[in-house]
Amino acid sequence: MEEAAARERKRPREGDAAPSAAAAAGAGKAQYVYLPVADALKAPGARVFLFAAVSEIGAAVRSRGTDFTLTLRVADQSRPAGISVTFFADNVALLPCVKASGDVISLHNVVITMHGEFFVTFNKKFSSFALFEGKVSTECSPYQTSTKYYGTQYDNELLTQMRTWLAYNPPGLKDLELQLRSLKSDTTFDLVCKVLHVYENNGEWIFYVWDGTDTPAAEFQAILDAEAVESSPLHLEGVPLPREVLCTMPCVGTVLRVFTNRYIKEVFHLQKNIYWARFCNITCKQEFGIWKGILGPSSRVRLLSHEDGSVVDRMNRIANQVHRQPMASLPGASNIADVEYEAAGYTTLMESLTHEQVTHKFKTLVRVVAAYPCRASELRLLLTGSYCLRLTLEDPTARIHAYVHKDDGAKFFGGFLTAEALIKKMNKLLGIPEEDEEGTPLTRNPPWIWCCVKSYRLDKNDPWGSRRYRIFGTEIRD
DNA sequence: TTGGGG
């Protein structure tokens, strides 16, 4: 009798709870109390009550049936790795709308299922939920509840416990999280970033993502494959971004292109709005010295709200950023170029690309990643003064082609040089190391140089299409 | 019914 009374006391007032669930949970167990997630897994098929923190927020999408569906990952102390919860509802507004990861969710009458691994299913007929803010607060009432949610006498106490646990175990902190500034090739990591643009073509998707930091400057093969150097691309995508999209890109920090040929269901939301997101289990590599993100079979995309801890952290860092110059060039750019255009302010390449006027002059800090021509035999032709040199300039925000006009060649190279001196200067510019006793080094690492560049147009009728860049007032020092 | 990561 007493046991039954105790059970009754602990049982939330949820009148329509099915008796079969109690039977499934085994005799004598008070099934209608909240269970630690790890314990709930011992009762697959049973309806259970869970009180957990939301660690990942999926996007609401239409199911293959008639409903809308949403997946959250929730965790508690008993299972910090968390478990996936699938919600169904015939209306998006009925799905949980989690404000930030780390918020707390109460789940009543959800069912544990096992399909290779454990899942939690929210059944729209008999399950209910409530969402609470995860940050420490005296506010204990939920900010969203489903219909049929009846709070229990344990809610407040569990909420306080969960908030305390969360304060020491923030859900955003993952050991495999990297920023763009610390990218590494061939490792799998998570990236918290703002998705600025999504491009689709024939089942291939490109996500343009940004976290306010600069990708590391690439090292190139030192043995000059002239063809590879001359054809060094300005960007990885086949079709360059249309100007109206380009102009929405930030002027500081790298916009990383993340490629996939898999359909990512969050893509709909990302195309419609600019979101912060967590790209999970992604990899990266360099192509032509440009970083490229890749979403593989095990990668996922999770939308994050602006209130999410990881996002707030990124935005604070961006707001506090003092250096607009490329991070990799700090503490000081090598002084191999001497710049006349003292009056001009510093401008990133993206700032120039998105400048509202075609024609303008600026001073920038860049690396020369490629040159055309670069073969010694052809470089000699520059000495005749009737050819121009095309340099591929790079900073963390963009690459451009900039021409050293034939009239500016002598100024740029610091006088009329012998062929040998010219080749030596070009090698220095491209970061090609001089041979030493050890033999030819394997990599070249172009130095950062200050450059004056002017932007102009060839055709009045097509100013943007015929836009060119030309280097002026810049001299390569010995 | 639908849908689903370690």
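Worth knowing before you read on, the calculation uses all heavy atoms, side chains too, and leaves out hydrogens, waters and symmetry mates. Letters A, B, ... are given to chains in the order of the sequence lines, protein chains preceding strands, and every chain is numbered from 1.
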TODO: Would you please classify the geometry between the Phe207(A) ring and the Phe279(A) ring as parallel, tilted or perpendicular, with 30° and 60° separating the classes?
DONE: perpendicular
TODO: Using atom CG of Asp67(A) as one end and atom P of dG4(B) as the other, report the distance to the nearest whole Å.
DONE: 14 Å
Open item on the list: Using whole Å, what does the distance between atom C1' of nucleotide dG6(B) and atom CZ of Phe118(A) come to?
Closed with: 15 Å
TODO: Establish whether the base of dG6(B) is bridged to the side chain of Arg73(A) by a donor-acceptor pair shorter than 3.5 Å.
DONE: yes
TODO: Output the single nucleotide from dG3(B), dG4(B), dT1(B) whose closest atom is nearest the side chain of Thr113(A).
DONE: dG4(B)
Open item on the list: I need the CD1-P distance between Ile112(A) and dG4(B), as an integer number of Å.
Closed with: 18 Å
- [ ] Consider the side chain of Arg64(A), meaning its heavy atoms from C-beta on, and name the nucleotide among dT1(B), dG4(B), dG3(B) that approaches it most closely.
- [x] dG3(B)
- [ ] In whole angstrom, give the distance that lies between atom CG of Leu41(A) and atom P of dG6(B).
- [x] 14 Å
Task: Lys184(A) NZ/CZ over Phe189(A) ring centroid, <6.0 Å and within 45° of normal - done: no
Task: Base of dG3(B) paired with side chain of Thr121(A) (donor-acceptor, under 3.5 Å) - done: yes
Open item on the list: Please classify the nucleic acid contact of Ser298(A) as base, sugar-phosphate, or nothing, using heavy-atom distances under 4.0 Å.
Closed with: nothing
- [ ] Output the single nucleotide from dT2(B), dG6(B), dT1(B) whose closest atom is nearest the side chain of Phe88(A).
- [x] dT2(B)
Task: Spatial distance of atom CH2 (Trp291(A)) from atom CZ (Arg257(A)) [nearest 0.5 Å] - done: 15.5 Å
- [ ] Could you check whether Thr86(A) gets within reach of a base, just the sugar-phosphate, or nothing at all, counting any heavy atom under 4.0 Å?
- [x] base
TODO: Would you kindly give the CG-to-C1' distance between Asp190(A) and dG6(B), to the nearest whole Å?
DONE: 11 Å
Task: First encountered from the 5' end of DNA chain B, between Gly82(A) and Thr69(A) - done: Thr69(A)
Open item on the list: In whole Å, I'd like the distance from the CG atom of Asn123(A) to the P atom of dG3(B).
Closed with: 15 Å
Task: Heavy-atom donor-acceptor pair, Lys124(A) side-chain to dT1(B) base, under 3.5 Å - done: yes
Open item on the list: From CG of Asp90(A) over to C1' of dG3(B), roughly how many Å is that when rounded to an integer?
Closed with: 16 Å
Task: Sidechain N-carboxylate O distance under 4.0 Å for Asp90(A), Lys124(A) - done: yes
Open item on the list: From the set dG6(B), dT2(B), dG4(B), return the single nucleotide nearest to any side-chain atom of Ser63(A).
Closed with: dT2(B)
TODO: Validate the cation-pi geometry between Lys194(A) and Tyr275(A): distance from NZ or CZ to the six-membered ring centre under 6.0 Å, angle to the ring axis within 45°.
DONE: no
Task: Protein-nucleotide distance (Phe122(A), atom CZ; dG4(B), atom P), rounded to Å - done: 18 Å
